[in-house]
Amino acid sequence: MLKMFKSRFLPVLLVIAALVSGCDAPVLDISEPSHHEKTSARRALDSVSIPPPRRIPASEMQKTIERVEGPIRKAAFEVCRELTLPEVRCQNVLASDLQVMATDQDMNAYADYHNNVGFTGGMIHYSGSDEELAAVYAHELAHVMYGHVDKKINNMLMGMIIGGGIGLAAAYNADPYYDDRITYDLMNTGAAIGSVAYSPEMEIESDRTAIYILEKAGYSPDSMRDVIVRLHRHQDGAIGGHPNGVGFLQTHPSNDRRIAHILSSIDDVKSGVPLRLE
């Protein structure tokens, strides 16, 4: 029986093993913030002073975002090269399209599986400065340079295959009345788990990289902190994203861990500490 099982499911087992061993994880060398840093982060969310929203009309949104596009795109490409990431990813930064969904009033932005970056009208409308929009754009281009969308898809597929493999194994050893929908449900569950694997770490990785992009482009690194604080105050509790990509609100905007990483990164860039790959 065991010999028959191995023979029948060997291809599936080999694929699962290969995918598990190659699970896509973040690549930056990032230290975990201390409890004190997380506490300070919570205070920052509540006490930092930020400018009021500009209430930018839909007719001005494209022009507004285009003001930051050139400097941020150029700086992101240079940071990508400095990190010696695969050249194709650096070229993706240059080739990425910038899209504005002026009628979407959610405050969000995302990078999709075509390496394009999208801004909702709400994100632009409620922004307090061009620097805040530059921070969001830098964050999304960091997703592009790290290939986070591809990693998300790969992890989703890995989870689906693992779930399907478990279902097939269960079906093989079950009675004749085994319900095939169990395997289908396991595949969906595996895909859902895989799609969020390392998601918070990818957001933190993009936040940290965006701060270095901002500095290189001549914008204040503090603008990343300000836009997170704005999102926290505007829609505390929101979870955002994009069905075919990774969104700026993929993790909770008021997450103490995320803001602590941002504050730490701001200190690092101001002190001249370079980004490092693991």
Side-chain angles (χ1 to χ4, degrees), residues 26-28 30 50 64-65 67-80 83 85 89-90 92-93 96-101 106-112 115-120 122-124 126-149 151-152 198-232 234 238-242 245-255 257-266 268-269 275:
V27 297
L28 280 186
I30 302 176
I50 58 175
T64 299
I65 199 67
R67 285 199 295 266
V68 306
E69 179 180 10
I72 291 297
R73 188 190 296 271
K74 180 176 182 292
F77 176 76
E78 292 174 0
V79 169
C80 185
L83 289 171
L85 293 171
R89 292 187 181 166
C90 300
N92 285 340
V93 168
S96 172
D97 285 338
L98 180 59
Q99 304 164 350
V100 174
M101 287 71 67
D106 288 340
M107 288 186 69
N108 209 351
Y110 63 85
D112 67 18
N115 298 310
N116 298 323
V117 172
F119 276 78
T120 62
M123 180 67 80
I124 301 171
Y126 292 109
S127 63
S129 66
D130 281 5
E131 291 199 336
E132 289 182 19
L133 294 177
V136 177
Y137 188 39
H139 172 97
E140 299 306 333
L141 285 182
H143 279 314
V144 172
M145 76 165 63
Y146 289 123
H148 281 164
V149 178
K151 290 180 179 181
K152 177 181 177 181
Y198 297 112
S199 182
E201 282 71 24
M202 289 178 184
E203 293 304 313
I204 288 168
E205 190 170 62
S206 290
D207 285 341
R208 179 171 288 268
T209 305
I211 290 164
Y212 282 79
I213 293 171
L214 286 168
E215 193 272 339
K216 185 175 283 291
Y219 294 105
S220 170
D222 293 335
S223 57
M224 176 58 75
R225 175 204 63 198
D226 293 348
V227 74
I228 291 290
V229 170
R230 183 177 305 281
L231 288 164
H232 162 64
H234 182 80
I239 297 293
H242 187 268
V246 284
F248 193 72
L249 297 185
Q250 200 72 37
T251 54
H252 196 295
S254 62
N255 182 286
R257 179 171 176 256
R258 184 176 182 184
I259 193 67
H261 274 291
I262 288 173
L263 296 178
S264 172
S265 301
I266 291 171
D268 283 350
V269 76
L275 280 175

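These numbers come from a predicted model, not from an experiment. Along the sequence shown, residues are numbered consecutively beginning with 1.
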Polar side-chain atom of Ser265 near backbone of His261 as donor-acceptor pair, under 3.5 Å: yes
CD1-CG distance between Ile65 and Leu133, expressed to the nearest 0.5 angstrom: 4.5 Å
Gap between atom CD1 of Ile72 and atom CG of Leu98 - 0.5 Å precision: 11.5 Å
Side-chain donor-acceptor contact under 3.5 Å, Glu203 with His143: yes
Side-chain heavy-atom pair Tyr212, Asp268 within 4.5 angstrom cut-off: yes
Inter-residue atom distance Ile228.CD1 - Glu132.CD, 0.5 Å rounding: 10.5 Å
Atom pair CZ (Arg73) and CD1 (Ile213), whose distance is rounded to the nearest 0.5 Å: 12.0 Å
Closest non-hydrogen atom pair between Glu215 and Pro221, with its separation: CB-CG, 4.3 Å
Shortest non-hydrogen contact from Pro71 toward Tyr219: CG-OH, 3.9 Å
Smallest separation among heavy atoms of Leu141 and Val117, with atom names: CD2-CG2, 4.0 Å
With sequence neighbours excluded, residues passing side-chain hydrogen bond (donor to acceptor under 3.5 Å, both in side chains) with Ser127: Arg54
Test side-chain contact (heavy atoms from CB on, under 4.5 Å) applied to Asp222 - qualifying residues, sequence neighbours left out: Ser220, Arg225, Ile266, Lys270
Shortest non-hydrogen separation from Leu83 to Tyr146 and the atoms involved: CD1-OH, 3.5 Å
Distance, nearest 0.5 Å, that separates CD of Glu131 from CG of Asp226: 8.5 Å
From CE (Met123) to CE (Met101), nearest 0.5 Å: 10.0 Å
Over all atoms of both residues, closest heavy-atom pair of Gln99 and Tyr110: OE1-OH, 4.2 Å
Partner of Ser206 by side chain to side chain contact (heavy atoms under 4.5 Å, CB included), out of His139, Glu140, Met145: His139
Flag, side chain of Asn116 to backbone of Asp97, donor-acceptor distance under 3.5 Å: yes
Taking every non-hydrogen atom, the tightest pair across Tyr126 and Arg230: O-CD, 3.2 Å
